[in-house]
Amino acid sequence: MKAPASPLPESDDRRIRLLGFGEHSVSKSYYPELRRRLEELERFRSLLDQTGDAIFLVDVDSGRITDAAGAAGAMLRLDSPELVGRTFEDLLPIDAVCRLRGLFSGDFAAGRIETSLVRPGDLPGGNLPVEMTFRLAQGGGGPMAVIVARDVTERKKSEEALRRAEERYRGIVENAAEGIFQSTLSGRLMNVNPALASILGYESPAELMRHVKSVVDEVVASPEDRHRIRSELARYNHVKNLDVQLLTKSGTRIWGLINARRICDDAGVAERFDGSVQDVSIRKQAEQTLLRYHDELEQRVAERTEELTRINERLVHEVTIRKRAEEAAEAANRAKSDFLSMVSHEIRTPLTSVLGFAVLIQKRLGQLLAPLVEGHPRQRRQAEQVQENLGIIVAEGERLKHLINDVLDLAKLEAGKVAFTKESVDVAEVIRHVMSASVGLLQDKKVSLTTRIEGRLPEIVGDRDRLIQVLVNLVSNALKFTECGSVACRARVQGRSIVIEIVDTGIGIPEAEQHKVFEKFNQIGATLTNKPKGTGLGLAICKHIVESHGGRIFFVSKPGIGSTFTFTLPIA
């Protein structure tokens, strides 16, 4: 007895019967062929399940999914058996449903669309983007739709990134201040930005591209520049910072800076030119203006150099002449000084004799004539007139003697022939001596003569007689120009010097004359009606003596208020 057969599922039972097993198997002669075909179908189904695309079989009449293979389950997050029996339209957005209904109604037999699959549980906007192809086919049970959906999420991301990059690039190009263009290898414009249209005087890029076909032939003005651009592109595949003249829409010429390069594809085959244009007319004008100014400046410099050369030659000539004149004057001055120093004794001796005999005659004549004119008024008047004339001779002789002494002293000082005695000098004693002797100069003036020595004055090394001469000159000058008020001599130690000041309340020195106070033969108060007598050499002599002792002399004066003459002497 046969054992009772164990119950088998219906599908497995059918497969066993097809393969020729069991009690109800078909004829054994079909077994090898059926088995081979079944294995091919299984391999085909396995291949379909390995593909990355979702494959759907949809019954046209009902619109329901009869089978799903490939990545259908993975895309929709469902197992493939769970998809069978679902209405395919439920997996699509509205726009794709309309297209699919055209297929099902028989309006067309095949098609392709980009849409998305609505996955169960997704939030709005979370659909899966797919590229879907569909085709109508005839099956054993009626018309069937074969629909293949491919996930294009990564492609969409790439396309979106590319779109954004293109938008950014286009935004940069559209808003760039410099003109940008693309052209074919033959030079025909493919694309331009608004800046290039504006530079060339066109209202828009479209207008520019309508009127200009070749950027090199129709925009670059000079044939030499066009040849150079083509040569550099052919040789180096680029043009860098080339200044050329460009023709605008109105026909005027502007200066442009051109950069261009050859663009190749991935295989290295040239496909176009990319370039840029900058309007450098202002820079060129500035360069030309600068060049013109440079040329003008060089011309002016050349002219000025030539003029200065002439002036220099003239100055050299004048300096030579002046130097010769100065040498001659110096030689004459030396000769004068030498002469005066040599003949000083010869000049003083006769003058002394004249003065001595004039004084003697005045005295003896007065003694002789006095008894003779007694009782004779006319003769007495004549005698008195003779005495007055002799007094004038004596006074003018004394004045001439002082003038000659001053001239000879100054000549010797200038010639450097004055031998200063180097000895210790008590400056306080010199001041007191001079101020005591100057009391006789007051005569009937209402002037007070004062001395103020601050502290103890140290001794210095110098010529006592010459320092007395300086003080006598300064004090006598102060008394000469002071009718009332005071003349004071003040002395003090300041640093390494003794400072001596002669302060008066006299008429002061006019500002117009102050610059020539220490000049030779210049008299203070020369413009006064009652001009004081003097040689005009005293202050010049004082200046020489003080500077020979290593000091300096200066003054401060205000007209109507008085003057202060100051000199310094270095302490030994």
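- Atom CG of Leu291 has more than 12 heavy atoms from other residues, nucleotides or ligands within 6.0 Å.
- Looking at Arg261, its side chain never comes within 3.5 Å of a backbone N or O of Asp274 through a donor-acceptor pair.
- Under the 4.0 Å criterion applied to side-chain N and carboxylate O atoms, Arg492 and Glu501 are assigned as salt-bridge partners.
- Remark: Arg496 engages no residue in a salt bridge (Lys or Arg N to Asp or Glu O under 4.0 Å) (not counting sequence neighbours).
- Heavy-atom minimum distance, Pro559 versus Glu511: CG-N, 4.5 Å.
- Judged by distance alone, with hydrogens and angles left aside, the side-chain atoms of Asp279 form no donor-acceptor pair with the main-chain N or O of Gly256 at under 3.5 Å.
- Ile282 contributes atom CD1, which lies 12.5 Å from atom CD of Glu287 (distance to the nearest 0.5 angstrom).
- Between Leu57 and Ile65, the closest side-chain pair of non-hydrogen atoms is not below 4.5 Å.
- Side-chain contact of Ser62 with Asp59: a donor-acceptor pair under 3.5 Å is present, judged by distance alone.
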| said: Between Val212 and Tyr202, does the side-chain contact (heavy atoms from CB on, under 4.5 Å) criterion hold? Intermediate values first, please. | reply: CA-CA 10 Å; Val212 177; Tyr202 293 91; 3.6 Å; yes

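- Applying side chain to side chain contact (heavy atoms under 4.5 Å, CB included) to Ile147 and the options Val58, Thr133, Leu92 leaves one that passes, Val58.
- The local environment of NZ in Lys249 is crowded, with over 12 non-hydrogen atoms from other residues, nucleotides or ligands closer than 6.0 Å.
- Heavy-atom contacts from other residues, nucleotides or ligands closer than 6.0 Å to CZ of Arg322 number 12 or fewer.
- Considering CD1 of Ile258 and CD of Glu178, their distance stands at 12.0 Å, rounded to 0.5 Å.
- In terms of heavy atoms, Asp67 sits closest to Val84 at CA-CG2, 4.2 Å.
- A 4.5 Å side-chain heavy-atom check between Val280 and Asp243 finds at least one atom pair inside the cut-off.
- With no hydrogens or angles considered, a side-chain donor-acceptor pair links Ser563 and Ser557 at under 3.5 Å.
- Looking at residues two or more places apart in sequence or on another chain, you find a side chain to side chain contact (heavy atoms under 4.5 Å, CB included) between Arg324 and Thr320.
- Residues Arg164 and Glu160 are paired through a salt bridge, judged by an N-O separation under 4.0 Å between the basic side chain and the carboxylate.
- A donor-acceptor pair under 3.5 Å is absent between the side-chain atoms of Thr248 and the main chain of Gly201, judged by distance alone.
- Atoms CD1 and CD1, from Ile460 and Ile571 in turn, are 9.0 Å apart once rounded to the nearest 0.5 Å.
- Of the possible polar contacts, one joining the Glu218 side chain to the Lys213 backbone as a donor-acceptor pair under 3.5 Å is found.
- Salt bridge present: Asp217 and Arg230 bring a charged side-chain N and a carboxylate O closer than 4.0 Å.
- Within 6.0 Å of the CZ atom in Arg235, the count of heavy atoms belonging to other residues, nucleotides or ligands does not exceed 12.
- Atom CZ of Phe554 has more than 12 heavy atoms from other residues, nucleotides or ligands within 6.0 Å.
- Minimum heavy-atom separation, Gly85 to Arg64: O-NH1, 2.8 Å.
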| task | Would you please test Leu242 and Asp225 for side-chain contact (heavy atoms from CB on, under 4.5 Å) and show each step? | result | CA-CA 9 Å; Leu242 181 62; Asp225 289 337; 5.5 Å; no

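- When all heavy atoms of Pro205 and Asn193 are compared, the pair lying nearest together is CG-C, 3.8 Å.
- Residue Ala145 comes nearest to Val60 through the heavy atom pair N-CG2, 3.9 Å, listed as atom of the first residue, atom of the second, then distance.
- The aromatic rings of Phe555 and Phe565 sit parallel, their planes meeting at an angle under 30°, below the 60° perpendicular limit.
- Looking only at side-chain heavy atoms (C-beta outward), Val319 and Ile321 stay at 4.5 Å or farther from each other.
- A distance-only check finds no donor-acceptor pair linking the side chain of His544 to the backbone of Cys542 [under 3.5 Å].
- Atom CE of Met75 and atom CG of Leu117 lie 7.0 Å apart (nearest 0.5 Å).
- Taking 4.0 Å as the cut-off between side-chain N and carboxylate O, Arg228 and Glu224 do not count as a salt-bridged pair.
- Every residue meeting the salt bridge (Lys or Arg N to Asp or Glu O under 4.0 Å) condition with Arg155, not counting sequence neighbours, appears here in chain and number order: Glu114, Glu131, Glu159.
- Using a 4.5 Å heavy-atom cutoff, the side chains of Leu257 and Val277 are not in contact.
- Side-chain atoms of Asn241 and Asn259, non-hydrogen and from C-beta on, do get closer than 4.5 Å to each other.
- For the pair Leu76 and Leu83, the minimum side-chain heavy-atom distance is below 4.5 Å.
- Annotation: the span from Ser116 atom OG to Asp151 atom CG amounts to 11.0 Å, rounded to 0.5 Å.
- Looking only at distances, a side-chain donor or acceptor of Arg262 sits under 3.5 Å from a matching main-chain atom of Leu233.
- Using a 4.5 Å heavy-atom cutoff, the side chains of Ile502 and Thr564 are not in contact.
- Within a 6.0 Å sphere centred on CZ of Arg310, heavy atoms belonging to other residues, nucleotides or ligands number more than 12.
- With a 4.5 Å cut-off on side-chain heavy atoms, Val219 and Leu246 count as touching.
- Ion pair Arg304/Glu307 flagged as a salt bridge, since at least one NZ, NE, NH1 or NH2 atom sits closer than 4.0 Å to an Asp/Glu carboxylate oxygen.
- For the residue pair Glu207 and His211, no side-chain donor N or O sits within less than 3.5 Å of a side-chain acceptor on the partner.
- Other residues, nucleotides and ligands place more than 12 heavy atoms under 6.0 Å from the CZ atom of Arg272.
- Taking every heavy atom of both residues into account, Phe56 and Ala149 meet most closely at CE1-CB, 4.5 Å.
- Heavy-atom neighbours of His227 NE2 from other residues, nucleotides or ligands within 6.0 Å: at or below the threshold of 12.
- In this structure, Glu232 contributes its side chain and Ile229 its backbone to no donor-acceptor pair below 3.5 Å.
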| message | Set out, in order, the CA-CA distance, both residues' side-chain angles and the distance that settles side-chain contact (heavy atoms from CB on, under 4.5 Å) for Ile180 and Val192, then state yes or no. | response | CA-CA 6 Å; Ile180 300 174; Val192 298; over 6 Å; no

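- Ile55 contributes atom CD1, which lies 10.0 Å from atom CZ of Arg150 (distance to the nearest 0.5 angstrom).
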